[in-house]
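Computed from a predicted model, the values in this text were never measured in an experiment. First the proteins, then the strands, lettered A, B, ... as listed; each starts at 1.
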Protein chains: 2
Amino acid sequence: MALRSYRQHCSLARALDLVGERWTMLLMRDLSCGSQRYGELLAGLPGIGTNLLAARLKTLVAEGLVEKRAAGDYALTAAGRELEPALVALARFGAARLGEPREGELWRALWTPLAMKAAFHPERSADVDDEYEFRIDDEVFWVRVRNGAVTTGGGQAKLPDFVLTTGGQALLELANGALTPGDLVEREDVEFAGALPALERCARLFAR
Amino acid sequence: MALRSYRQHCSLARALDLVGERWTMLLMRDLSCGSQRYGELLAGLPGIGTNLLAARLKTLVAEGLVEKRAAGDYALTAAGRELEPALVALARFGAARLGEPREGELWRALWTPLAMKAAFHPERSADVDDEYEFRIDDEVFWVRVRNGAVTTGGGQAKLPDFVLTTGGQALLELANGALTPGDLVEREDVEFAGALPALERCARLFAR
DNA sequence: CCGGATCCGTAACGATACTG
DNA sequence: CAGTATCGTTACGGATCCGG
């Protein structure tokens with residue numbers, strides 16, 4: 001189980017030695033949104049195979065990036081959370097090349113916080129101090145924009161400027177500009193509570 | 001040659017579909033320092049194997065991230081250069097876990113610009129407007145710090161605050177703090193021309 | 001000689017079956 | 001539910017070969 005190394009004394013090569021293998025960064029992505037159980041991780045990564053998931057988790061725990069908690073679930077350690085800027089930067093690169101959903105592609109509400117961090121326009125966020133709550137496909141999370149930075153978390157927002165309850169499809173259409181904020185809140189399958197201008201700010205801050 | 005995909009409609013997954021395979025990011029790293037020929041790339045990535053290098057280059061060219069130029073060398077396209085923030089972020093993660101050189105590990109002066117961007121402390125760079133020239137193992141490149149950001153390039157600096165000619169070993173010792181700027185310039189195998197305070201600023205801006 | 005292409009043994013992956 | 005074991009397939013790594 002000695003992990004294969006590039007054998008280069010280089011920061012990038014070291015990072016890839018640690019998290020560069022197949023599935024590893026997606027695993028870190030899913031854990032970056034909160035702890036998950038083995039079964040949840042497996043269900044969220046179709047195609048990984050149970051042995052490979054177990055091996056990846058074992059390696060990540062040995063490296064100190066992930067811990068198995070008393071409750072039996074897996075969570076990022078403080079060291080593991082240090083990978084987040086890299087995940088965001090990669091996602092920013094990928095976002096420009098994402099395009100439309102392809103046949104058979106999976107989409108999960110869980111990935112939205114990372115997608116928003118990647119799509120964020122800091123230069124548009126001067127003087128913005130907002131907090132949003134999203135409820136998408138039974139996932140509830142909050143997004144806060146303050147001091148030109150985005151923070152996110154699972155669960156309800158404390159003092160949200162709006163609460164948006166919708167399916168993933170409508171959210172994707174808002175993100176790619178096919179749907180305006182005004183049109184979104186009129187849809188039958190969408191519930192919106194709060195200030196429409198805040199939703200318009202949000203759309204502008206995270207527009208692709 | 002249909003490239004294997006994670007089949008997830010996620011920015012991160014898309015990025016990894018494009019550049020997540022083994023060797024690809026290291027290839028992009030080496031090309032980010034300037035164009036290189038097939039043979040140079042091969043020599044700089046021991047272990048890759050000629051077939052794999054050819055396959056990776058072909059894929060990257062097809063994706064529009066790399067181009068083969070009339071001179072016969074390979075270079076990043078504008079799209080390929082957009083990956084750099086992700087390489088820097090990953091390198092920043094890896095730098096904290098790099099440690100001392102291990103037995104058999106390769107080191108190349110070519111990687112220094114990326115390492116410096118990863119090690120950069122923007123919060124220490126207020127009011128700094130410096131330009132440095134390095135000549136390491138026959139590699140010549142410049143580093144500029146201005147407006148809290150780092151830019152680098154191959155070749156000589158225009159108006160350098162110093163020119164430092166040294167081997168990689170001494171530079172590594174400076175980077176990890178084992179050698180002070182004052183001690184460095186006194187070494188037999190080191191040539192230093194310019195302002196010592198500038199070198200001290202440099203060491204502080206890029207200290208690990 | 002440089003820039004690959006071909007071939008082949010090994011290691012990693014992916015799917016399924018099995019176990020505590 | 002949380003993995004381990006097994007096995008066929010794919011990717012990788014090293015060597016050799018080929019065309020300009």
Side-chain polar contacts of residues 41-49 of chain A - donor-acceptor pairs under 3.5 angstrom, sequence neighbours left out - could you list them?
none

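One finds a side-chain N or O of A:Arg4 lying less than 4.0 angstrom from the OP1 or OP2 phosphate oxygen of D:dG13. Within the 4.0 Å cut-off from OP1 or OP2 of D:dT10, not a single side-chain nitrogen or oxygen of A:Arg22 is found.
Evaluation of the ring-ring contact (aromatic ring centres under 6.0 Å, His included) test over residues 80-120 of chain A, restricted to residues two or more places apart or in two chains, returns A:Phe120-A:Phe206. Applying the ring-ring contact (aromatic ring centres under 6.0 Å, His included) test to pairs two or more places apart or on separate chains, those with a residue in residues 17-44 of chain A are A:Trp23-B:Tyr6. Applying the ring-ring contact (aromatic ring centres under 6.0 Å, His included) test to every pair with at least one member in residues 151-172 of chain A, sequence neighbours left out, gives these pairs: A:Tyr132-A:Phe162, A:Phe134-A:Phe162, A:Phe162-A:Phe192.
Atom CG of A:Asp129 is surrounded by more than 12 heavy atoms from other residues, nucleotides or ligands within 6.0 Å. Atom CZ of B:Arg124 has more than 12 heavy atoms from other residues, nucleotides or ligands within 6.0 Å.
Evaluation of the side-chain contact (heavy atoms from CB on, under 4.5 Å) rule for B:Thr152 yields B:Pro113, B:Lys117, B:Val143, B:Val150 as partners, not counting sequence neighbours. Evaluation of the salt bridge (Lys or Arg N to Asp or Glu O under 4.0 Å) rule for B:Asp73 yields B:Arg69 as partners, not counting sequence neighbours. Contacts of A:Ala119 classified as side-chain contact (heavy atoms from CB on, under 4.5 Å), with partners at least two apart in sequence or in another chain: none. When the salt bridge (Lys or Arg N to Asp or Glu O under 4.0 Å) test is applied to B:Glu173, the partners found at least two apart in sequence or on another chain are B:Arg187. Checked against salt bridge (Lys or Arg N to Asp or Glu O under 4.0 Å), B:Arg97 has the following partners two or more places apart in sequence or in another chain: A:Glu82.
As rounded to whole Å, 15 Å separates atom P of C:dC2 from atom CG of B:Asp73. A:Leu26 places its CG atom 15 Å from the C1' atom of C:dC13, with the value rounded to the nearest Å. Atom C1' of nucleotide C:dA15 and atom CG of A:Leu45 are separated by 16 Å, given to the nearest angstrom. Spacing between atom CD of A:Glu21 and atom P of D:dA11 amounts to 16 Å, rounded to whole angstrom units. We find that CG of A:Leu52 is positioned 14 Å from P of D:dG3, with the value rounded to whole Å. Note: CD1 (A:Ile48) to P (C:dA12) measures 16 Å, nearest angstrom. Residue B:Arg56 contributes atom CZ, which lies 8 Å from atom P of D:dG13 at whole-angstrom precision. Atom OH in B:Tyr6 sits roughly 14 Å away from atom C1' in D:dT10 (whole-Å rounding).
Within residues 11-20 of chain A, no residue is approached by DNA chain C to less than 4.0 Å at the level of any non-hydrogen atom.
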Filtered N/O pairs between nucleotides 3-6 of chain C and protein, under 3.5 Å:
unit_1: C:dG3; atom_1: OP1; unit_2: B:Arg37; atom_2: NE; d: 2.8
unit_1: C:dG3; atom_1: OP1; unit_2: B:Arg37; atom_2: NH2; d: 2.4
unit_1: C:dG3; atom_1: OP2; unit_2: B:Gly39; atom_2: N; d: 3.0
unit_1: C:dG4; atom_1: OP1; unit_2: B:Lys68; atom_2: NZ; d: 3.2
unit_1: C:dG4; atom_1: OP2; unit_2: B:Lys68; atom_2: NZ; d: 3.1
unit_1: C:dG4; atom_1: OP2; unit_2: B:Tyr74; atom_2: OH; d: 2.7
unit_1: C:dA5; atom_1: N6; unit_2: B:Thr50; atom_2: OG1; d: 2.5

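Computed from C1' positions of five pairs at each end, the angle between the two local axes of the helix from C:dC1-D:dG20 to C:dG20-D:dC1 equals 20°, rounded to 10 degrees.
Listed nucleotides C:dC13, D:dG13, C:dG14 differ in distance to B:Trp23; the shortest reach to its side chain belongs to D:dG13.
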